[in-house]
Amino acid sequence: MGFENERKELVDKLVREGILKSKEVIEAFLKVPREEFVPKHLRRLAYADTPLPIGYGQTISAPHMVAIMTEALAPRKGHRVLEVGTGSGYQAAILAEIVGDEGHVWSIERIPALAEFARENLRRTSYARRVTVIIGDGSRGYPDAMPYDRIIVTAAAPDVPQPLVEQLAVSGRLVIPVGGSLTQRLLILEKRPDGSVVKRWGTYCVFVPLIGEYGFREGGR
Ligand code: SAM
């Protein structure tokens, strides 16, 4: 049996709650099959509004958090997007659906086995053409394909990594959870045409830590 009804119910709930708002993001949520991005034994929970474990101590974020972050990011057709923290590849697929064939998503994951899991999920769902998955420390960004119209970090950082600000295009936008290793708040940063940046705070959230040169240290703070 397909998951279309469950997907539609979840989207309706997120719209009712005022979390999903824009046409682009709603359509992407209706299209991308979340069940293809969770471990097989958890498929029946794919449309519960909760994070799920994907192995290696990591999670696929809860749908409402993916919705909040994607709405804050405001990706559009043709955008070049960098994601830090590929995990399952679900957020990357949502972004790929929105940017279309004219745009592209580069997504960095530090755990090679998860990068492979995401690549497989993206291949099976036909998003692989629009998403390049890279193994590495995304706290340094990915200078090879800069500048990016949008940058999204799906792991918690102690502060905004400076390389990400440098790799953001003029008029670009960066969304990142910033705070301690236990709880954070979303930060939305925009680069103005004169190169200056404006920041505003969004909702409180709980993410696994960004581990790397401009993030937290492995096993510590
Ligand atoms: N966006 C993912 C999805 O749609 O499934 C969920 C991301 S999960 C909450 C955070 C991911 O960030 C984990 O897979 C973790 O291994 C990864 N991560 C942590 N530090 C990283 C770093 N410095 N560079 C790249 N990935 C990192």
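Whatever order the structure lists them in is the order used to number ligands and atoms, beginning at 1. What you are looking at is a predicted structure, and each value in this text was computed from that prediction instead of being measured.
- If you check which protein heavy atom lies closest to atom 4 (O) of ligand 1, you get Q91 N, 3.0 Å.
- When every heavy atom of I211 is checked against every heavy atom of R217, the shortest pair comes out as CG2-C, 4.2 Å.
- Heavy-atom distances between T86 and ligand 1 reach below 4.0 Å in at least one pair.
- Shown in contact with L114 at under 4.0 Å from a heavy atom are these atoms of ligand 1, numbered in order with element: 14 (O).
- The protein heavy atom nearest to atom 19 (C) of ligand 1 is P209 O, 3.5 Å.
- If you check which protein heavy atom lies closest to atom 5 (O) of ligand 1, you get S88 OG, 2.6 Å.
- The existence of a salt bridge linking R123 and E120 is excluded, since no basic side-chain nitrogen approaches an acidic carboxylate oxygen closer than 4.0 Å.
- Near S139, with a cut-off below 4.0 Å to any heavy atom, the atoms of ligand 1 are 23 (N).
- Considering every non-hydrogen atom in both I98 and E24, the closest pair reads CG1-O, 3.8 Å.
- Pairing each heavy atom of A156 with each of G180, the nearest pair is CB-O, 4.4 Å.
- Residue contacts with ligand 1 include E83, since one or more of its heavy atoms lies under 4.0 Å from the ligand.
- For atom 12 (O) of ligand 1, the closest heavy atom belonging to the protein is G85 CA, 3.2 Å.
- Closest non-hydrogen pair, R43 versus E36, comes out as NH2-OE1, 3.0 Å.
- At a 4.0 Å cut-off, not a single heavy atom of G215 sits close enough to ligand 1 to count as contact.
- Of all atoms in ligand 1, numbered sequentially from 1 with element shown, those under 4.0 Å from a heavy atom of I60 are 5 (O).
- Listed by first and then second residue, the ring pair (Phe, Tyr, Trp, His ring centres under 6.0 Å) pairs involving residues 31-54 are F3-Y47, F37-Y90 (not counting sequence neighbours).
- The contact set between ligand 1 and G138, taken as ligand atoms under 4.0 Å from a residue heavy atom, comprises 22 (C), 23 (N), 24 (N), 25 (C).
- One option in E109, E218, R110 has a heavy atom closer to atom 16 (O) of ligand 1 than any other, and that option is E109.
- A pairwise comparison of heavy atoms in L30 and R7 identifies O-CD, 3.2 Å as the closest pair.
- For the pair R110 and E218, the minimum side-chain heavy-atom distance is below 4.5 Å.
- Clustering of Ile, Leu, Val, Met, Phe, Trp and Tyr by side-chain heavy atoms under 4.5 Å joins L189 with L82, V84, W106, I108, I134, Y142, M146, Y148, I151, V153, V160, L164, V165, L168, L174, I176, V178, L187, V197, W201, L210.
- A heavy-atom separation below 4.0 Å is found between G136 and ligand 1.
- With Q58 contributing its side chain and Y56 its backbone, the two residues share a donor-acceptor pair below 3.5 Å.
- Residue, atom and distance of the protein heavy atom nearest to atom 20 (N) of ligand 1 are I211 N, 2.9 Å.
- Of the heavy atoms in T154, both backbone and side-chain atoms come closer than 4.0 Å to ligand 1.
- The backbone and the side chain of T59 each have at least one atom closer than 4.0 Å to an atom of ligand 1 (non-hydrogen atoms only).
- The closest protein non-hydrogen atom to atom 13 (C) of ligand 1 is Q58 OE1, 3.2 Å.
- For ligand 1, the atoms lying closer than 4.0 Å to a non-hydrogen atom of I108 are 25 (C), 26 (N).
- For ligand 1 and V208, the ligand atoms under 4.0 Å from any heavy atom of the residue are 9 (C), 10 (C).
- Atoms of ligand 1 found under 4.0 Å from any heavy atom of I111, numbered from 1 in the order shown, are 16 (O).
- Partner of Q91 under the side chain to side chain contact (heavy atoms under 4.5 Å, CB included) criterion, chosen from V105, T70, L73: T70.
- The pair K23-E27 counts as a salt bridge, with a side-chain nitrogen and a carboxylate oxygen less than 4.0 angstrom apart.
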